[in-house]
K.L.:
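One structure, pasted below without further comment.
Note that these values count all heavy atoms, side chains included, but never hydrogens, waters or copies made by symmetry.
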Amino acid sequence: MTKTVCGCNCEECGGMSSGCKGCTAISDNCIVALCCKNLGHKGCEECHGECELKGRLINEFNSLGIEDMEKVTCLNALSGDYINLEYTLPSGQRTKLLDDSKVYLGNQMCKRGSDRCYGLAADRNFLLVCEYGEQGADAEIVVFKRRKL
């Protein structure tokens with residue numbers, strides 16, 4: 001088992017890659033460790049919304065006012081390489097916004113009246129909401145907002 005500050009067993013997480021080294025490699029850059037550090041190292045599965053950071057991020061996502069997005073009630077630990085979609089900029093250039101080696105808090109939300117989904121990702125510096133089709137196809141940036149922890 002990878003040693004983590006938060007107590008999570010990253011090797012059992014379906015969203016984590018085999019390359020994730022947990023807190024032993026990324027230390028204070030891990031948003032999950034930051035969230036859970038003051039909760040007695042319960043781990044993300046036992047947090048049950050007690051994390052002040054998760055609550056703040058949930059409120060920030062809901063305050064964006066995206067009309068056809070479900071209300072955000074939960075955020076999960078997600079590996080960057082699992083959720084790092086490629087976007088086409090207006091110039092035609094293709095780019096990715098996330099770091100494959102980082103862990104983010106996020107979720108997938110249904111888009112009302114559509115077969116597309118919203119993907120949410122956050123860390124201490126930004127909120128990202130994107131929209132995409134099946135398997136992350138045709139990803140579009142809806143909101144990219146800088147934030148201060």
Side-chain angles (χ1 to χ4, degrees), residues 1-39 41-66 68-89 93-111 116-149:
M1 180 169 108
T2 304
K3 183 178 189 294
T4 60
V5 172
C6 64
C8 293
N9 181 355
C10 296
E11 293 168 353
E12 291 182 2
C13 178
M16 297 298 174
S17 71
S18 60
C20 179
K21 303 296 184 230
C23 302
T24 56
I26 57 179
S27 185
D28 289 336
N29 290 327
C30 179
I31 193 84
V32 176
L34 180 66
C35 184
C36 297
K37 195 179 258 185
N38 296 322
L39 292 175
H41 307 289
K42 294 178 182 180
C44 52
E45 290 82 19
E46 298 176 32
C47 176
H48 302 296
E50 296 173 39
C51 177
E52 180 184 330
L53 174 60
K54 279 187 182 180
R56 221 171 36 230
L57 289 169
I58 287 169
N59 288 338
E60 288 179 40
F61 277 120
N62 287 326
S63 71
L64 294 174
I66 300 172
D68 52 4
M69 184 172 79
E70 297 174 339
K71 182 178 178 182
V72 180
T73 59
C74 176
L75 295 174
N76 305 297
L78 301 168
S79 175
D81 67 347
Y82 186 70
I83 61 171
N84 198 6
L85 300 178
E86 192 171 68
Y87 305 95
T88 303
L89 301 177
Q93 178 184 355
R94 307 245 335 140
T95 190
K96 291 184 174 189
L97 299 176
L98 305 180
D99 181 338
D100 284 351
S101 67
K102 286 183 71 176
V103 177
Y104 299 91
L105 288 174
N107 206 338
Q108 176 176 288
M109 312 299 294
C110 292
K111 180 176 180 177
R116 292 176 61 83
C117 296
Y118 287 113
L120 284 60
D123 72 3
R124 58 175 70 207
N125 300 311
F126 70 87
L127 296 176
L128 170 65
V129 178
C130 66
E131 179 186 320
Y132 51 84
E134 189 174 332
Q135 302 291 322
D138 304 317
E140 300 174 14
I141 300 166
V142 176
V143 175
F144 183 84
K145 181 178 178 181
R146 298 232 178 253
R147 63 181 304 277
K148 296 269 186 192
L149 181 64

K.L.:
Could you report the tightest heavy-atom contact between Ala139 and Leu85, atom names first, then the distance?
P.N.:
CB-CD1, 3.9 Å
K.L.:
Would you say that Leu120 contacts Met69 through its side chain, given a criterion of any heavy-atom pair below 4.5 Å between the two side chains?
P.N.:
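Yes, side chains in contact.
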K.L.:
Any non-hydrogen side-chain atom of Asp99 less than 4.5 Å from a side-chain atom of Asp123?
P.N.:
no
K.L.:
Can you name the closest pair of heavy atoms from Ile83 and Ala121 and give their distance?
P.N.:
CD1-CB, 3.9 Å
K.L.:
Got a second to check how far Ser79's OG is from Asn84's CG, nearest 0.5 Å?
P.N.:
9.5 Å
K.L.:
Do other residues, nucleotides or ligands put more than 12 heavy atoms under 6.0 Å from the CZ atom of Arg94?
P.N.:
yes
K.L.:
For Ile58, run the side-chain contact (heavy atoms from CB on, under 4.5 Å) check against Leu53, Val72, Thr73, Asn107 and tell me which one passes.
P.N.:
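Only match with Ile58 under side-chain contact (heavy atoms from CB on, under 4.5 Å): Val72.
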K.L.:
Can you tell me how far apart CG (Leu128) and CZ (Arg146) are? Round to the nearest 0.5 Å.
P.N.:
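If we round to the nearest 0.5 Å, Leu128:CG and Arg146:CZ are 11.0 Å apart.
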K.L.:
With sequence neighbours left out, which residue pairs that include part of residues 126-142 fulfil the salt bridge (Lys or Arg N to Asp or Glu O under 4.0 Å) condition?
P.N.:
Lys111-Glu131, Arg116-Glu131, Arg116-Glu140
K.L.:
Side chains of Ile66 and Met109, heavy atoms from C-beta outward: is any pair under 4.5 Å?
P.N.:
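A side-chain contact is absent here, since even the closest heavy-atom pair is not under 4.5 Å.
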K.L.:
How long is the gap from OH on Tyr87 to CG on Leu97, to the nearest 0.5 Å?
P.N.:
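Those atoms lie 5.5 Å apart.
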K.L.:
Testing the 3.5 Å rule here: is there a donor-acceptor pair between the side chains of Tyr118 and Asp68?
P.N.:
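Checked: Tyr118/Asp68 side chains pair up, N/O donor to acceptor below 3.5 Å.
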K.L.:
Does a side-chain heavy-atom distance below 4.5 Å link Thr95 with Leu89?
P.N.:
yes
K.L.:
Within a 6.0 Å radius of atom NZ on Lys145, are there more than 12 heavy atoms belonging to other residues, nucleotides or ligands?
P.N.:
no
K.L.:
Is the shortest side-chain heavy-atom distance between Phe126 and Leu98 below 4.5 Å?
P.N.:
yes
K.L.:
Of the non-hydrogen atoms in Leu127 and Ala122, which two are nearest, and what is the gap between them?
P.N.:
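Minimum heavy-atom separation between Leu127 and Ala122: CD2-CB, 3.7 Å.
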K.L.:
Taking all atoms of both residues into account, what is the closest heavy-atom pair of Val103 and Ala77, and its distance?
P.N.:
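Closest pair (atom of Val103, atom of Ala77, distance): CG1-CB, 4.2 Å.
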K.L.:
Within the 4.5 Å heavy-atom criterion, are Leu57 and Arg147 side-chain neighbours or not?
P.N.:
yes
K.L.:
With rounding to the nearest 0.5 angstrom, report the CG to NZ distance, Asn76 to Lys54.
P.N.:
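Here the rounded value is 6.5 Å.
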K.L.:
Does any non-hydrogen side-chain atom of Phe61 lie less than 4.5 Å from one of Leu75?
P.N.:
yes
